[in-house]
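I have placed the structure first, in the form of structure tokens, so that the comments after it can refer back to it.
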2 protein chains.
Amino acid sequence: MKITMAAEYAVRCVLYLAQQGSDVLVNRQEIASQARIPDSFLTKIAQDLARAGIITIKQGAKGGYALHRPPRQVNMLEVVEAIIGEISLNECVTKPAACPASPNCAANLVWQEARRRVRDTLRAADFESLAQAGACVSPFPPPPSPPETRP
Amino acid sequence: MKITMAAEYAVRCVLYLAQQGSDVLVNRQEIASQARIPDSFLTKIAQDLARAGIITIKQGAKGGYALHRPPRQVNMLEVVEAIIGEISLNECVTKPAACPASPNCAANLVWQEARRRVRDTLRAADFESLAQAGACVSPFPPPPSPPETRP
DNA sequence: GATAAATAAGACTAAAAAAATCCTATTTAT
DNA sequence: ATAAATAGGATTTTTTTAGTCTTATTTATC
Ligand code: SF4
Ligand code: SF4
């Protein structure tokens with residue numbers, strides 16, 4: 001029930017690029033060291049991101065990576081799914097054939113809903129906001145339930 | 001980004017028990033075959049569920065498993081977390097020490113929010129509803145966006 | 001109390017996935 | 001031409017998941 005390190009590294013990579021500005025080319029070693037990603041692993045991750053149209057790779061001397069679009073138009077869902085594929089919490093959600101009970105299963109609906117909400121949350125997080133946000137600015141409305149701050 | 005088979009089996013086990021009624025004792029083999037859980041694996045899962053106070057185990061001849069509380073008072077979050085521990089999508093959410101950036105990271109807040117929403121969704125799914133729901137009754141309000149069923 | 005029917009508990013194994021790493025090839029600025 | 005970069009794939013190591021097996025204990029029943 002965790003995302004993989006590769007997905008986390010991908011987010012860090014894109015976030016770092018977003019922080020440098022929209023079209024800035026950054027070499028891999030810099031990204032790797034600044035975002036604390038194993039350099040050789042980053043080559044793999046970058047390839048997936050490039051295939052997904054999120055970054056552009058420039059080869060050769062003075063090569064490196066750059067965002068392919070403005071940070072505002074890249075969100076965490078895309079980045080994560082570029083690496084790990086479509087998020088789903090239980091196989092029966094994306095492949096109903098995986099479980100004979102699926103057409104008739106209330107739990108399946110719960111997994112679907114949970115999945116939908118995770119994906120919506122990640123989709124709402126674009127990299128312009130993330131790059132600007134810095135510390136403690138939440139892009140989300142305050143939780144409806146927890147009754148503690150107002151006595 | 002998937003729950004484990006063990007967690008899925010746990011849900012099936014509890015759901016099956018809930019379907020049999022509140023205090024009905026069912027032997028393990030029946031649960032295993034009806035809920036399609038490898039029998040020997042179910043012994044492990046049951047132990048975790050028992051430790052979490054979700055089921056009661058009766059040993060010896062004519063032994064078996066039963067719900068420890070009314071199905072209404074058991075939800076999917078408890079069951080899943082009894083097996084896999086506290087859900088979190090990225091280690092930095094539950095252990096901020098895992099990443100030095102965490103106090104200052106906007107992505108961290110996104111992961112927190114996503115986690116909160118998954119957990120809320122699972123918490124809302126109690127086993128009385130699940131057992132009754134049968135087929136296509138969703139315990140959730142219709143999604144706000146997808147515009148297809150009403151032409 | 002003996003017996004048989006159940007589960008407990010934990011060690012163990014096998015398979016799969018994740019997390020890298022390494023090596024050879026290609027691209028490109030100078 | 002050369003050196004500085006990345007590409008791409010094969011390989012390895014580690015971790016996690018999934019499941020099994022064996023021995024011990026509990027309990028109903030005769
Ligand atoms: S029982 Fe329901 S939730 Fe579990 S795998 Fe089958 S369809 Fe999915
Ligand atoms: S960079 Fe942010 S999201 Fe990634 S591990 Fe660190 S705190 Fe978590």
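A note on names: the letters A, B, ... follow the listed sequences, proteins ahead of strands, and every chain is numbered from 1.
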Measure the distance from [atom1] on [X] to [atom2] on [N] and round it to the nearest whole Å.
X: B/Lys2; N: C/dA17; atom1: NZ; atom2: C1'; result: 11 Å
X: A/Ile45; N: C/dA20; atom1: CD1; atom2: P; result: 8 Å
X: B/Leu49; N: C/dA9; atom1: CG; atom2: P; result: 13 Å
X: B/Leu25; N: C/dA5; atom1: CG; atom2: P; result: 17 Å
X: A/Ile84; N: C/dA18; atom1: CD1; atom2: C1'; result: 12 Å
X: A/Ile31; N: D/dA5; atom1: CD1; atom2: P; result: 13 Å
X: B/Arg36; N: D/dA18; atom1: CZ; atom2: C1'; result: 17 Å
X: A/Ile57; N: D/dG8; atom1: CD1; atom2: P; result: 7 Å

Quick one: is [X] getting a side-chain N or O under 4.0 Å of the [N] phosphate, OP1 or OP2?
X: B/Gln59; N: D/dT27; answer: no
X: B/Tyr9; N: D/dG19; answer: yes
X: A/Gln29; N: D/dA5; answer: no
X: A/Tyr65; N: D/dA7; answer: yes

Which one, [options], comes nearest to the side chain of [X]?
X: A/Phe41; options: C/dA9, C/dA20, C/dA5; value: C/dA20
X: A/Asn27; options: D/dT27, C/dT21, D/dT6; value: D/dT6
X: A/Lys44; options: D/dT6, D/dA10, D/dA28; value: D/dA10
X: A/Arg28; options: C/dA29, D/dA7, D/dT6; value: D/dT6

Mind listing the closest non-hydrogen atom pair of [X] and [Y] along with its distance?
X: B/Ala52; Y: B/Arg69; answer: O-NH2, 3.9 Å
X: B/Ile57; Y: B/Ala50; answer: CD1-CB, 3.6 Å
X: A/Arg28; Y: A/Asp39; answer: NH1-OD2, 2.8 Å

task = Check the hydrophobic clustering (I, L, V, M, F, W, Y; side-chain heavy atoms under 4.5 Å; chains of links allowed) and say if B/Ile84 and B/Val79 are grouped together.
result =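 Yes, same cluster.
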message = Quick check: on DNA chain C, is the nucleotide nearest A/Thr4 upstream (toward 5') of the one nearest A/Ala61, or the reverse? Name the residue that is more 5'.
response =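 Its nearest nucleotide lies further toward 5', so the answer is A/Thr4.
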ask   = If you find the nucleotide of DNA chain C closest to A/Gly60 and the one closest to A/Pro38, which residue's nucleotide is nearer the 5' end?
value =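 Looking at the nearest nucleotide for each, A/Pro38 comes out on the 5' side.
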ask   = So does A/Asp120 pair up with A/Arg117, basic N to acidic O under 4.0 Å?
value =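 Looking at A/Arg117 together with A/Asp120, the answer is no, because their closest N to O distance does not fall below 4.0 Å.
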message = Looking at A/Lys44 and A/Asp48, is there a salt bridge between them, counting it only when a charged N and a carboxylate O are closer than 4.0 Å?
response =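 Looking at A/Lys44 together with A/Asp48, the answer is no, because their closest N to O distance does not fall below 4.0 Å.
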message = Does the structure show a Watson-Crick or G-U wobble partner for C/dT30, both distances under 3.5 Å? Name it, or say none.
response =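 Matched C/dT30 with D/dA1 under the 3.5 Å cut-off.
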N/O donor-acceptor pair, side chain A/Lys62 with base C/dT27, under 3.5 angstrom =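 Answer no: no donor N or O sits under 3.5 Å from an acceptor.
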message = Need one value for A/Ser40: base, sugar-phosphate or nothing, where a base atom within 4.0 Å counts as base even if backbone is also close, heavy atoms only.
response =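 Answer is base: heavy atoms of A/Ser40 come under 4.0 Å of a base.
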